[in-house]
Amino acid sequence: MTLDVAKLRGDFPILARTVRGGRPLVYLDSGATSQRPRQVLDAERSFLEQHNAAVHRGAHQLAEEATDAYESARARIAAFVGADPGEVVFTKNATEGINLVAYAMGNAAGFPGAERFEIGPGDEIVVTGLEHHANLVPWQELCRRTGATLRWYGVTDEGRVNLGSLELTPNTKILAVSHQSNVLGTILPVAELTRRAHEVGALVLLDACQSVPHMPVNLGSLGVDFAVFSGHKMLGPSGVGVLYGRAELLAAMPPFLTGGSMIEMVRMEGSTYAPPPQRFEAGVPMTSQAVGLAAAVDYLGHIGMDVVAAHERELTALAIDGLSAVPGVRIVGPTDLVDRGGAVSFVVDGVHAHDVGQVLDDRGVAIRVGHHCAWPLHRRFGVAATVRASFHVYNTPDEVTALVEGVQAAREFFGV
Amino acid sequence: MTLDVAKLRGDFPILARTVRGGRPLVYLDSGATSQRPRQVLDAERSFLEQHNAAVHRGAHQLAEEATDAYESARARIAAFVGADPGEVVFTKNATEGINLVAYAMGNAAGFPGAERFEIGPGDEIVVTGLEHHANLVPWQELCRRTGATLRWYGVTDEGRVNLGSLELTPNTKILAVSHQSNVLGTILPVAELTRRAHEVGALVLLDACQSVPHMPVNLGSLGVDFAVFSGHKMLGPSGVGVLYGRAELLAAMPPFLTGGSMIEMVRMEGSTYAPPPQRFEAGVPMTSQAVGLAAAVDYLGHIGMDVVAAHERELTALAIDGLSAVPGVRIVGPTDLVDRGGAVSFVVDGVHAHDVGQVLDDRGVAIRVGHHCAWPLHRRFGVAATVRASFHVYNTPDEVTALVEGVQAAREFFGV
Amino acid sequence: MQLEQMYQEIILDHYRTPHGSGLREPFDAESFQINPTCGDEITLRVRLDAGTVADVSYETLGCSISQASASVLTDLVVGRSVEDSLRILAAFQEMAQGRGQVTPDEDVLGDGVAFAGVAKYPARVKCALLGWMAFKDAVVRTERSEGGASSETADPKEATA
Amino acid sequence: MQLEQMYQEIILDHYRTPHGSGLREPFDAESFQINPTCGDEITLRVRLDAGTVADVSYETLGCSISQASASVLTDLVVGRSVEDSLRILAAFQEMAQGRGQVTPDEDVLGDGVAFAGVAKYPARVKCALLGWMAFKDAVVRTERSEGGASSETADPKEATA
Ligand SMILES: Cc1ncc(COP(=O)(O)O)c(C=O)c1O
Ligand SMILES: Cc1ncc(COP(=O)(O)O)c(C=O)c1O
């Protein structure tokens with residue numbers, strides 16, 4: 001299938017707007033959050049206008065319909081990432097998903113059958129030096145609470161995980177790694193990392209925030225134990241994310257958030273909990289958002305994730321080439337396309353990222369500046385802030401040109 | 001202001017639909033979740049079609065607009081409940097809000113300045129016997145993790161909190177109570193309970209899920225320390241809730257969910273955290289949902305919460321009268337209107353709640369059956385399940401009549 | 001009224017005069033199951049005799065559907081081989097979870113076919129299955145005790161399957 | 001191009017040739033402030049002399065706005081009484097957070113009025129204020145040390161105020 005981007009852009013109302021006094025919006029910040037097509041907005045609205053009710057709680061027709069819509073959403077999203085519906089837990093975002101696993105591990109002591117999640121002094125949690133804060137701080141906090149030790153793989157000069165920088169040990173309880181760096185674009189060697197982790201009996205959590213929205217991902221065949229991603233980065237609603245967990249693990253894992261709908265039996269003296277995924281979905285869930293996310297995976301599935309990936313690859317190549325040709329621009333991360341997705345971060349000698357961003361914004365080009373919630377990685381590369389362009393299926397080669405021209409204009413404006 | 005309910009119903013698209021082969025929908029399940037007016041749906045949609053971007057993270061125009069919309073939503077919601085914007089933390093639902101406080105207390109040991117939140121063996125947490133599971137199970141779990149003891153006020157035969165059943169002690173760290181019971185409709189004596197708690201130096205958390213949507217509530221003047229409520233019960237979106245906390249307390253409280261946007265400084269070796277409310281909002285938030293919730297409070301504010309309360313009071317009186325007149329119907333909870341809101345739960349002698357619900361559903365009347373996430377309360381009254389009708393501003397006296405007639409029909413159908 | 005689709009006369013009859021109700025001794029295994037949404041409960045006992053279901057006795061706290069279903073269960077499985085009874089259970093479960101799309105076989109399910117209407121109401125499917133899940137669990141327990149393990153309290157996690 | 005609204009010549013001049021930059025001794029208090037969104041940093045020292053701001057010295061890692069702002073700050077407060085300097089700070093902060101609605105007083109703010117354009121870009125307001133927050137914090141610290149407490153590391157929680 002070839003992609004008719006011009007036609008597809010018509011599905012995204014926001015892409016038609018102008019900014020800063022009439023300039024067409026060039027939205028190159030999908031790595032932070034993506035835009036929603038009409039199909040997603042309509043799905044959510046029609047759910048709310050026709051079927052809205054509390055799910056799993058009512059015996060009336062609306063409640064049945066709402067429950068069906070919610071569970072059908074779960075099934076479609078599960079299929080999209082090669083999982084079973086029972087392996088998909090809805091969270092508010094990916095951050096909650098990672099916290100869920102971290103807190104569940106902290107809660108494991110004394111929970112029958114949850115021995116393999118227990119963690120304490122002498123145990124290790126391993127991450128990498130390129131993680132988003134969402135996949136770093138929850139583990140720091142878990143270590144603080146339990147006395148476990150945090151260790152991390154280093155990052156090479158070209159932005160790859162340095163596989164030689166660390167040995168996992170039998171004390172490693174969990175390895176938590178990104179699938180794709182939100183700064184460098186690097187795609188991590190998940191198969192090799194998973195092999196190593198499983199060899200020592202460690203669990204693997206994959207932060208798939210930047211992979212699931214941009215390429216075909218089959219979590220089942222990747223063999224990871226847990227994975228997280230967010231709806232808002234994949235053309236879906238904000239306020240909904242997914243925690244994937246292998247069925248057998250979710251079944252043994254203690255709950256995290258507790259309250260209504262996740263219980264089996266409640267007495268004042270104590271409670272028991274429902275099987276997964278309900279055990280991990282306390283309270284009235286983000287129903288319409290799950291429905292919207294299902295519409296987003298339908299939309300992406302209809303295009304084909306391989307087509308999405310190929311399109312973004314083309315834009316990435318253009319951006320790397322174009323930016324590399326601008327004097328004083330230094331790309332942080334791989335400059336070839338091997339195991340690399342479409343986030344392109346860079347610095348401009350003599351012009352601070354904020355100032356580059358301002359010139360771009362003035363021209364209608366929306367990118368992100370700062371550390372992109374990966375502060376340690378920026379320190380690793382000796383920079384406080386970078387400029388990041390990131391793409392989705394609705395972006396065009398012309399928009400990449402606008403980016404490159406904007407960077408040139410910034411250099412001129414600041415006289416470097 | 002008099003309420004033109006017929007006109008107002010026109011704002012709610014779902015109320016025009018029919019169920020079970022053409023019967024008009026009589027939606028009496030707003031205690032579980034309410035329906036959304038067009039104004040809320042439109043606010044969210046226009047945000048998504050015009051201003052959607054990641055908040056607090058970008059330097060481009062859309063990011064500015066999205067941040068403004070999000071923070072303006074916070075300010076309007078805060079004003080609606082008599083709070084300062086900095087005292088409003090967005091959560092995914094009320095359940096998360098309660099868990100947030102419970103986990104933050106569990107995290108307090110060793111967090112500088114958080115001594116007053118620390119909890120351990122010998123300390124007590126106090127709830128009541130009528131709490132929703134959301135305000136019970138998180139405290140049971142906190143006790144399990146920390147060795148603290150859970151105690152509770154009993155419930156009288158008429159469904160009031162038995163203030164004589166328990167004495168708070170200097171060991172009481174927190175008192176967590178409902179403002180209004182989701183089963184009985186009882187409004188709790190919050191002022192008196194708060195006085196008692198503060199007298200012994202305990203914190204007070206108010207579960208305002210069933211009060212904020214239905215009556216004027218000023219959290220500031222109530223004097224509670226924390227409060228929670230959910231968007232979906234107050235004509236707003238699902239996937240968004242609020243934790244209110246007094247500014248001084250939030251400033252001292254350790255974080256719960258950690259990750260992006262809630263940090264101050266991140267190093268691989270450890271992190272420090274932003275001031276509230278950001279400290280408690282990890283990850284990309286439910287942006288459009290906050291915007292929708294602000295539209296909901298604008299909508300309710302325009303009607304006037306006193307008008308909403310008076311209208312529901314009228315419906316409650318009709319329901320109590322009508323149901324009491326049906327032989328074999330027993331209302332669980334107060335049968336007068338003193339300190340009582342609009343949830344009416346009842347049993348029908350000889351007909352199980354599920355069967356009553358089925359007959360009602362068949363007639364288009366949507367109510368809820370079961371324990372309504374208040375299982376211990378149902379045990380207290382010796383029933384496994386009740387039928388619950390609950391109202392919002394869009395309900396009419398005719399709908400109450402349809403309920404009463406449906407209950408009669410159920411008795412006839414089952415021959416009792 | 002579509003009510004009669006769900007509450008067929010057969011169901012109402014079983015509800016009003018349940019067969020085999022009450023807890024009896026002796027028994028080989030007991031299972032306690034609960035529906036977490038509504039709090040409905042069943043305690044069900046099974047006695048086997050040389051590979052045959054010799055008795056099923058039970059006490060329920062629940063709606064007409066769950067009570068009638070337990071009654072029909074008793075009729076269908078008592079006197080059958082364990083194998084047969086599990087086959088009937090599978091057929092009943094398939095029908096109940098079939099959303100009204102599965103045409104039940106009256107030869108296998110007898111009065112159980114009356115529950116085809118319930119299958120159209122997903123919220124009630126659990127009611128119809130509560131007794132059957134208790135039966136399945138109890139049978140598994142008899143097997144375990146044969147294998148040497150003692151009959152324990154039911155694991156209610158399976159109740160909502 | 002609306003860029004010139006933000007990057008007025010005065011700002012670019014201060015950015016290219018910052019006044020008072022570099023860390024100097026002696027000083028009475030030092031403050032380290034950071035912008036958590038972009039990682040920009042400033043270390044700023046204050047020396048007081050009989051109620052007057054005798055010197056402000058600083059080192060920044062940051063964008064043109066934050067650098068120029070620190071430079072302008074130096075010009076505006078050095079030689080003023082502490083009281084005056086805090087009044088200027090208040091005026092600068094009011095303008096910066098005023099969303100372009102506050103007309104700045106050139107008599108009070110001097111070159112600082114050039115930052116009125118920044119006020120229209122909420123994401124950059126923190127850049128313009130970073131140095132000022134460091135100054136405020138450092139002044140508070142000198143008061144604390146006068147009161148007997150030793151000059152500690154800044155509490156960066158106030159950086160984003
Ligand atoms: C009194 C009460 N507390 C807490 C909750 C939990 O709210 P949510 O499920 O939106 O978190 C509810 C509603 O379900 C409620 O009625
Ligand atoms: C790699 C990565 N991990 C985690 C996250 C956190 O996602 P969210 O903020 O939606 O929870 C993001 C996006 O911000 C990300 O890019």
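Sequence lines set the chain letters: A, B, ... in the order given, protein chains first and strands last, and positions in each chain run from 1.
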J.: Counting only non-hydrogen atoms closer than 4.5 Å, does A:Leu62 touch chain B with its backbone (N, CA, C, O), its side chain (CB onward), both, or neither?
T.: side chain
J.: Which bit of B:Pro138 is near chain A, if near means a heavy-atom gap under 4.5 Å: side chain, backbone, both or neither?
T.: both
J.: So which residue, A:Val369, A:Asn107, A:Leu377, ends up with the most heavy-atom pairs under 4.5 Å with chain B?
T.: A:Asn107
J.: Please check: side-chain N/O of B:Gln61 versus main-chain N/O of A:Asp361, any donor-acceptor pairing under 3.5 Å?
T.: no
J.: Flag the one option from B:Gln35, B:Met262, B:Arg38 with the top tally of heavy-atom pairs under 4.5 Å to chain A.
T.: B:Gln35
J.: Side-chain contact, heavy-atom cut-off 4.5 Å: A:Thr287 with B:His232?
T.: no
J.: Among A:Ala32, A:Pro376, A:Cys373, A:Ala63, who wins on heavy-atom pairs under 4.5 Å with chain B?
T.: A:Pro376
J.: Should B:Trp375 and A:Ile263 count as side-chain neighbours, where that means a heavy-atom distance under 4.5 Å?
T.: yes
J.: Do the side chain of B:Asn52 and the main chain of A:Ser34 share a donor and acceptor less than 3.5 angstrom apart?
T.: yes
J.: By a 4.5 Å heavy-atom criterion (distance strictly below it), what part of B:Ala109 contacts chain A: side chain, backbone, both, or neither?
T.: backbone
J.: Report the option among A:Gly270, A:Ala94, A:Gly364, A:Gly231 that has the most heavy-atom pairs separated by less than 4.5 Å from atoms of chain B.
T.: A:Gly270
J.: Contact part of A:Arg267 toward chain B, heavy-atom cut-off under 4.5 Å: side chain, backbone, both or neither?
T.: both
J.: What part of B:Phe12 gets closer than 4.5 Å to chain A, counting heavy atoms only: side chain, backbone, both or neither?
T.: neither
J.: Side chain from CB out, backbone as N, CA, C, O: work out which of these in A:Asn135 comes under 4.5 Å of a heavy atom of chain B, or both, or neither.
T.: neither
J.: Under 4.0 Å between a Lys/Arg side-chain N and an Asp/Glu carboxylate O for A:Glu281 and B:Lys92?
T.: no
J.: Measuring heavy-atom distances to chain A, does B:Thr128 have an atom under 4.5 Å in its side chain, in its backbone, in both, or in neither?
T.: backbone
J.: Taking every non-hydrogen pair under 4.5 Å, which of B:Arg144, B:Gln140, B:Arg145 racks up the most with chain A?
T.: B:Gln140
J.: Report, by ascending residue number, the residues of residues 40-47 of chain A in heavy-atom contact with chain B at a distance under 4.5 Å; give 'none' if the set is empty.
T.: A:Leu41, A:Asp42, A:Glu44, A:Arg45
J.: How about B:Arg379 and A:Met268: do any of their side-chain heavy atoms sit closer than 4.5 Å?
T.: no
J.: Give, as side chain, backbone, both or neither, the part of A:His51 having an atom under 4.5 angstrom from any heavy atom of chain B.
T.: both
J.: Is there a donor-acceptor contact under 3.5 Å from the side chain of A:Glu141 to the main chain of B:Thr258?
T.: no
J.: Please rank B:Tyr27, B:Phe90, B:Phe256 by heavy-atom pairs under 4.5 Å with chain A and give me the top one.
T.: B:Phe256
J.: Check A:Glu49 against B:Pro13 and note the closest heavy-atom contact, atom names and distance.
T.: OE2-CG, 3.7 Å
J.: What residue in B:Val284, B:Leu48, B:Leu136 has the most heavy-atom pairs under 4.5 Å with chain A?
T.: B:Val284
J.: Chain A: which of B:Glu64, B:Lys233, B:His372 shares the most heavy-atom pairs with it under 4.5 Å?
T.: B:Glu64
J.: For a 4.5 angstrom cut-off between non-hydrogen side-chain atoms, does A:Leu150 reach B:Glu269?
T.: no
J.: For A:Ile367, which atoms come within 4.5 Å of any heavy atom of chain B: side chain, backbone, both, or neither?
T.: backbone
J.: A:Val266, A:Val137, A:Thr33: which one forms the most heavy-atom pairs within less than 4.5 Å of chain B?
T.: A:Val266
J.: Which residues pass the side chain to side chain contact (heavy atoms under 4.5 Å, CB included) test with A:Asn93, sequence neighbours left out?
T.: A:Thr95, A:Glu96, A:Ser230
J.: Without swapping roles, check the side chain of B:Arg368 against the backbone of A:His60 for a donor-acceptor pair under 3.5 Å.
T.: no
J.: Passes salt bridge (Lys or Arg N to Asp or Glu O under 4.0 Å), B:Arg20 versus A:Glu65? Steps please.
T.: CA-CA 12 Å; B:Arg20 299 293 180 220; A:Glu65 291 173 1; over 6 Å; no
J.: Answer with side chain, backbone, both or neither: which region of A:Val127 has an atom nearer than 4.5 Å to a non-hydrogen atom of chain B?
T.: side chain
J.: Does the side chain of B:Gln50 come within less than 4.5 Å of A:Ile14's, by heavy atoms?
T.: no
J.: Between chain B and each of A:Ala53, A:Gly283, A:Gly241, A:Ser238, count heavy-atom pairs under 4.5 Å; write down the option with the most.
T.: A:Ser238
J.: Donor-acceptor pair, A:Tyr103 side chain versus B:Leu257 backbone, under 3.5 Å?
T.: no
J.: Please look at B:Glu131 and chain A and tell me whether the side chain, the backbone, both or neither of the residue comes under 4.5 angstrom of a heavy atom of that chain.
T.: neither
J.: Heavy-atom distance under 4.5 Å to chain B: side chain of A:Arg380, backbone, both or neither?
T.: neither
